[in-house]
Amino acid sequence: QVQLVESGGGLVQAGGSLRLSCVTSGRTGSSVVMGWFRQAPGKEREFVAAIIWSGTNTDYADAVEGRFTISRDIAKNTVYLQMNSLKPEDTAVYYCASRRFFGISTYPADYPYWGQGTQVTVSS
């Protein structure tokens, strides 16, 4: 059973930064994809960013491209989401997710493993 534990959320002013972390207890390797998704109140869960564990490929949603950076620390079994220039519209619960094989997907239904989520609130 894969367990994902997120941390690092909080309250920040617009223009500020936060770094989210996700520790995985599952297998890691070139076939594993780690993704970040977010869900704002009343909205569907949406793709934010993803990385292949080998680090050879990343993908970002248009809304965060250039502001957010996804990375991983192999030794710590941890994936990070560095969020800069935060905007009020980035406010949401952020979830870490993982899948094996078939590469990066932007669809939540393609990820079988999920963390509990961490709240990010950006004030204006």
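Position 1 is the first residue of the sequence; numbering continues from there. Only this structure's heavy atoms are used, side chains among them; waters, hydrogens and symmetry mates stay out.
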Practice problem: For Tyr95 and Gly117, work out which heavy atoms get closest and say how close. | Solution: CD2-CA, 3.6 Å
Quiz item: Under 4.5 Å between side-chain heavy atoms, hopping through other hydrophobics if needed: is there a path connecting Tyr80 to Phe47?
Solution: no
Quiz item: Which heavy-atom pair separates Val33 from Ala50 by the least distance, and what is that distance?
Solution: CG1-CB, 4.2 Å
Quiz item: Just how far is it from atom CG of Asn57 to atom CD1 of Ile104, taken to the nearest 0.5 Å?
Solution: 4.5 Å
Quiz item: Can you name the nearest heavy-atom pair linking Val64 to Val48, along with the distance?
Solution: CG2-O, 3.5 Å
Self-check item: Residue pair Thr91 / Gln119: nearest heavy atoms and the distance that separates them
Solution: CG2-NE2, 4.1 Å
Quiz prompt | Closest heavy-atom pair and its distance - Arg99, Pro112 | solution = CB-CD, 3.8 Å
Quiz item: Hey, what do you get for CZ (Arg67) to CG (Leu86), rounding to the nearest 0.5 Å?
Solution: 6.5 Å
Practice problem: Nearest 0.5 Å please: distance from the CD atom of Gln3 over to the CD atom of Gln116. | Solution: 10.0 Å
Self-check item: Interatomic spacing from CZ in Arg38 to CZ in Phe68 - rounded to 0.5 Å
Solution: 5.5 Å
Quiz prompt | Least distance between heavy atoms, Val120 atom then Gly9 atom | solution = CG2-CA, 4.1 Å
Quiz item: Between atom OG1 of Thr69 and atom CE of Met83, what is the distance when rounded to the nearest 0.5 Å?
Solution: 11.0 Å
Quiz item: Hey, any chance Val23 and Phe37 share a hydrophobic cluster, counting ILVMFWY side chains that come within less than 4.5 Å of each other, even indirectly?
Solution: no
Quiz item: So does Tyr111 have more than 12 non-hydrogen atoms from other groups sitting under 6.0 Å from OH?
Solution: yes
Practice problem: Using side-chain hydrogen bond (donor to acceptor under 3.5 Å, both in side chains) as the criterion, point out the one residue from Glu46, Arg45, Glu44 that pairs with Gln39. | Solution: Arg45
Quiz item: So, Asn77 versus Thr24: side-chain donor-acceptor pair below 3.5 Å or not?
Solution: no
Quiz item: Is Trp53 linked to Tyr113 within one hydrophobic cluster, defined over Ile, Leu, Val, Met, Phe, Trp and Tyr using a side-chain heavy-atom separation of less than 4.5 Å?
Solution: yes
Quiz item: Is it true that atom CD of Glu89 has more than 12 heavy atoms of other residues, nucleotides or ligands lying nearer than 6.0 Å?
Solution: yes
Exercise. Consider only side-chain heavy atoms of I, L, V, M, F, W and Y, link residues closer than 4.5 Å, and tell whether Ile74 and Ile51 are in one cluster.
Key: yes
Quiz prompt | Point-to-point distance, once rounded to the nearest 0.5 Å, from OG1 of Thr58 to CD of Glu65 | solution = 8.0 Å
Quiz prompt | Test side chain to side chain contact (heavy atoms under 4.5 Å, CB included) applied to Met34 and Leu81, Leu4, Thr78, the passing residue | solution = Leu4
Quiz item: Are Trp114 and Ile70 connected, step by step, through hydrophobic side chains (Ile, Leu, Val, Met, Phe, Trp, Tyr) whose heavy atoms are closer than 4.5 Å?
Solution: no
